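Because the structure is a prediction, the values reported are computed rather than measured. Positions are given from 1, in the same order as the sequence printed here.
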Amino acid sequence: MKKRYTFPLIAAVLILLYIAANAAGIYTFSAKDQTCRVDAAIILGAATYNGTVSPVYRERINHGIALYKEGYAGKLIVTGGVGAGNTVSDAAAAKQYALSQGVPPADIYTEDASAITQENLVYAKNIMEAHQLHTALIVSDPLHMKRAMLLARDAGITAYSSPTPTSKYTSLKTQLPFLAREVFYYIGYKWYRIFAHPFQ
């Protein structure tokens, strides 16, 4: 009778350990800052409300602007399509915000066709190729960075992690749901890669 329950118990423990290891990796990587001089900063999208950027997106854009003004990024690529209930794309709203902060329009590229992080990066890569940009800083909230960097690598971007230091996800109450979501999507994407690209 005991043997009957041994395998399911071991399997459950191994699954929990696997989830915990990925959560720890995501949390640890969130503190990794690889900021260096690059051709562009790719600012990953977040919610906007009919042309007004959300507090989360605003802080990502603020960090991208700081990187630009400090000479780390020659251009900004803002990302995000038209969200539900909006008539203006997230990228267009982000561009307007960056313009209001003194970034010249010639130095802002908009990627406004995406709906998810993977598309943010795939379409941003197309912009980079069109404008002969070869390296990029990936800008997002710290807990988003590990998955974002994996997606950037798979998109063919020579990328470096630059998490925003003013993330709105600072309390345990806000970080735990974000971490749980990232663990779910990160593990899901890793398994997707195995079956979609078994030799990658």
Side-chain angles (χ1 to χ4, degrees), residues 29-83 86 88-114 117-153 155-171 174-175 178:
F29 192 87
S30 70
K32 191 169 187 177
D33 190 336
Q34 302 171 324
T35 298
C36 57
R37 295 188 186 280
V38 294
D39 296 327
I42 300 173
I43 304 170
L44 298 183
T48 64
Y49 310 106
N50 282 319
T52 301
V53 296
S54 64
V56 170
Y57 202 6
R58 184 187 66 228
E59 295 311 314
R60 295 182 187 184
I61 303 165
N62 282 339
H63 184 49
I65 292 170
L67 293 170
Y68 171 82
K69 291 184 174 180
E70 291 168 12
Y72 287 106
K75 304 288 184 180
L76 297 181
I77 301 176
V78 291
T79 66
V82 180
N86 289 342
V88 177
S89 73
D90 296 343
K95 180 177 181 177
Q96 287 303 311
Y97 180 81
L99 290 172
S100 74
Q101 301 302 306
V103 181
D107 288 340
I108 307 171
Y109 298 119
T110 56
E111 177 289 296
D112 56 8
S114 62
T117 302
Q118 185 177 19
E119 292 174 348
N120 288 164
L121 292 160
V122 169
Y123 300 152
K125 171 64 173 175
N126 294 339
I127 291 172
M128 291 179 68
E129 290 179 344
H131 296 280
Q132 297 184 326
L133 305 172
H134 305 291
T135 56
L137 290 170
I138 307 300
V139 176
S140 190
D141 291 274
L143 290 172
H144 193 201
M145 293 308 305
K146 189 170 179 66
R147 181 164 64 96
M149 291 300 293
L150 177 59
L151 291 166
R153 188 183 76 182
I157 300 171
T158 301
Y160 305 91
S161 174
S162 189
T164 176
T166 56
S167 172
K168 288 298 181 180
Y169 299 97
T170 55
S171 67
T174 55
Q175 283 188 338
F178 196 154

Restricting to non-hydrogen atoms, name the atom on [X] and the atom on [Y] that form the minimum distance, rounded to 0.1 Å.
X     : Y      : answer
Asn50 : Asn86  : N-OD1, 3.1 Å
Ala73 : Ala40  : CB-C, 4.0 Å
Ala47 : Ser54  : O-OG, 2.8 Å
Ala46 : Val56  : CB-CG1, 4.1 Å
Cys36 : Leu137 : O-CD1, 3.6 Å

Can you check whether [Y]'s main-chain N or O pairs, donor with acceptor, with [X]'s side chain at less than 3.5 Å?
X      : Y      : answer
Glu111 : Gly80  : yes
Ser114 : Glu119 : no
Arg60  : Gly45  : yes

Residues in side chain to side chain donor-acceptor pair (under 3.5 Å) with Tyr68, at least two apart?
-> Asp107
Please examine the side chains of [Y] and [X], heavy atoms only from C-beta on, and report whether any two atoms are closer than 4.5 Å.
X      : Y      : result
Ile138 : Leu151 : no
Met149 : Gln34  : yes
Glu59  : Ser167 : no
Ser30  : Lys146 : no
Phe178 : His144 : yes

Show me the side-chain donor-acceptor pairs of residues 88-99 shorter than 3.5 Å, one per line, residues at least two apart or across chains.
from, atom 1, to, atom 2, distance (Å)
Ser89, OG, Ala92, N, 3.0
Asp90, OD1, Thr48, OG1, 2.5
Tyr97, OH, Asn62, OD1, 2.7

Partners passing salt bridge (charged side-chain N to carboxylate O under 4.0 Å, His left out) against Lys125 (at least two apart in sequence or in another chain) |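 Only Glu129 meet the salt bridge (charged side-chain N to carboxylate O under 4.0 Å, His left out) criterion with Lys125.
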With sequence neighbours excluded, residues passing side chain to side chain contact (heavy atoms under 4.5 Å, CB included) with Asp39 |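 So Asp39 forms a side chain to side chain contact (heavy atoms under 4.5 Å, CB included) with Leu133, His134, Thr135.
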Go through the structure and list residues passing side chain to side chain contact (heavy atoms under 4.5 Å, CB included) with Lys69, not counting sequence neighbours.
->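 Lys69 satisfies side chain to side chain contact (heavy atoms under 4.5 Å, CB included) with Ile65 only.
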Rounded at 0.5 Å granularity, tell me how far [atom1] in [X] sits from [atom2] in [Y].
X      : Y      : atom1 : atom2 : answer
Ser162 : Ile43  : OG    : CD1   : 10.0 Å
Thr174 : Asp141 : OG1   : CG    : 9.5 Å
Ser140 : Leu44  : OG    : CG    : 4.5 Å
Ile61  : Leu76  : CD1   : CG    : 9.5 Å
Ser161 : Met145 : OG    : CE    : 3.5 Å
Thr164 : Asp33  : OG1   : CG    : 10.5 Å

Output all residues satisfying ring-ring contact (aromatic ring centres under 6.0 Å, His included) with Tyr160, sequence neighbours left out; order by chain, then residue number.
-> none
Is the OH atom of Tyr72 crowded by more than 12 outside heavy atoms at less than 6.0 Å?
-> no
